[in-house]
Amino acid sequence: QVQLVESGGGLVQPGGSLRLSCVASGFTFRNYKMNWYRQAPGKERELVAGITKGGSTNYADSVKGRFTISRDNAKNTVNLQMNSLKPEDTAVYYCHALGVGWGQGTQVTVSS
């Protein structure tokens with residue numbers, strides 16, 4: 001049974017940081033590209049960052065220089081370090097394994 005379980009969301013002030021984690025199970029994690037998506041109220045889900053099985057990364061222009069995606073194949077985990085957070089980063093963040101499935105999402109709220 002495939003599972004992707006996110007954690008680390010919460011409320012943070014503008015300029016603050018959060019670290020999201022996603023623990024995967026039920027498939028061979030190291031063989032899959034992993035992504036983080038987000039969906040804000042009234043908006044479409046958008047790709048935030050991705051990391052290939054080889055470690056190559058890609059980012060949405062809106063988060064370049066502020067967010068960092070990483071993976072630990074030994075722990076079946078993909079992380080998203082988010083720095084210099086802005087109110088427009090407020091969204092539900094989803095972990096995604098390409099060709100496998102989605103996590104349930106974790107809420108990130110950036111507000112003073």
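For clarity, every value in this text was computed on a predicted model and none was experimentally measured.
Partners of Arg19 by salt bridge (charged side-chain N to carboxylate O under 4.0 Å, His left out), not counting sequence neighbours: none found. Judged as a side chain to side chain donor-acceptor pair (under 3.5 Å), and not counting sequence neighbours, the contacts of Ser21 are Asn79. For Ser25, the side chain to side chain donor-acceptor pair (under 3.5 Å) criterion is met by no residue, not counting sequence neighbours. For the side-chain contact (heavy atoms from CB on, under 4.5 Å) test, residues two or more places apart in sequence or in another chain that qualify with Ser56 are Thr52. With sequence neighbours left out, Ser17 forms a side chain to side chain donor-acceptor pair (under 3.5 Å) with Asn83. Listed by chain and number, the residues in a side chain to side chain donor-acceptor pair (under 3.5 Å) with Gln104 are Glu6 (sequence neighbours excluded).
Transitive grouping of hydrophobic side chains (ILVMFWY, heavy atoms separated by less than 4.5 Å) keeps Tyr32 and Val23 in distinct clusters. Put simply, Val92 and Phe67 are part of two different groups of oily side chains (I, L, V, M, F, W, Y) that touch within less than 4.5 Å, one to the next. At a threshold of 4.5 Å between side-chain heavy atoms, the hydrophobic network of Ile, Leu, Val, Met, Phe, Trp and Tyr places Val78 and Val2 in one connected group.
Gln81 CD to Leu20 CG: the interatomic distance, rounded to the nearest 0.5 Å, is 9.0 Å. How far CD of Gln13 is from CG of Leu11: 8.0 Å, rounded to the nearest 0.5 Å. The line from CG of Leu18 to CE of Met82 is 4.5 Å long, rounded to the nearest 0.5 Å. Taken from OG1 in Thr106 to CG in Leu80, the straight-line distance is 11.0 Å, to the nearest 0.5 Å.
Here the side chains of Thr90 and Gln107 are in contact, with some heavy-atom distance below 4.5 Å. When side chains are defined from C-beta on, Val100 does not count as touching Phe29, because their heavy atoms never get closer than 4.5 Å.
In plain terms, the two heavy atoms of Pro14 and Ser112 that are nearest each other are CD-N, 3.7 Å. When all heavy atoms of Ala40 and Ala91 are compared, the closest pair comes out as N-CB, 3.8 Å. Scanning both residues, Leu4 and Ala97, for their nearest heavy atoms gives CD1-N, 3.9 Å.
With a 4.5 Å cut-off between side-chain heavy atoms of Ile, Leu, Val, Met, Phe, Trp and Tyr, the cluster of Leu98 takes in none.
Applying the salt bridge (Lys or Arg N to Asp or Glu O under 4.0 Å) test to residues at least two apart or on different chains, the pairs with a partner in residues 66-79 are Arg66-Asp89. Within the structure, ring-ring contact (aromatic ring centres under 6.0 Å, His included) pairs that include any residue of residues 82-112 comprise Tyr37-His96, Tyr37-Trp102, His96-Trp102 (at least two apart or interchain). Applying the disulfide bond (SG atoms under 2.5 Å apart) test to residues at least two apart or on different chains, the pairs with a partner in residues 12-111 are Cys22-Cys95.
With a 6.0 Å radius and a threshold of 12 heavy atoms from other residues, nucleotides or ligands, Glu44 has its CD atom at or below the threshold.
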Can I get a per-line list of side-chain donor-acceptor pairs under 3.5 Å for residues 57-64, giving both atom names and the distance, sequence neighbours left out?
{"from": "Asn58", "atom 1": "OD1", "to": "Lys33", "atom 2": "NZ", "distance (Å)": "3.3"}
{"from": "Tyr59", "atom 1": "OH", "to": "Ile69", "atom 2": "N", "distance (Å)": "3.0"}
{"from": "Asp61", "atom 1": "OD1", "to": "Lys64", "atom 2": "NZ", "distance (Å)": "3.1"}
{"from": "Ser62", "atom 1": "OG", "to": "Arg38", "atom 2": "NH2", "distance (Å)": "3.4"}

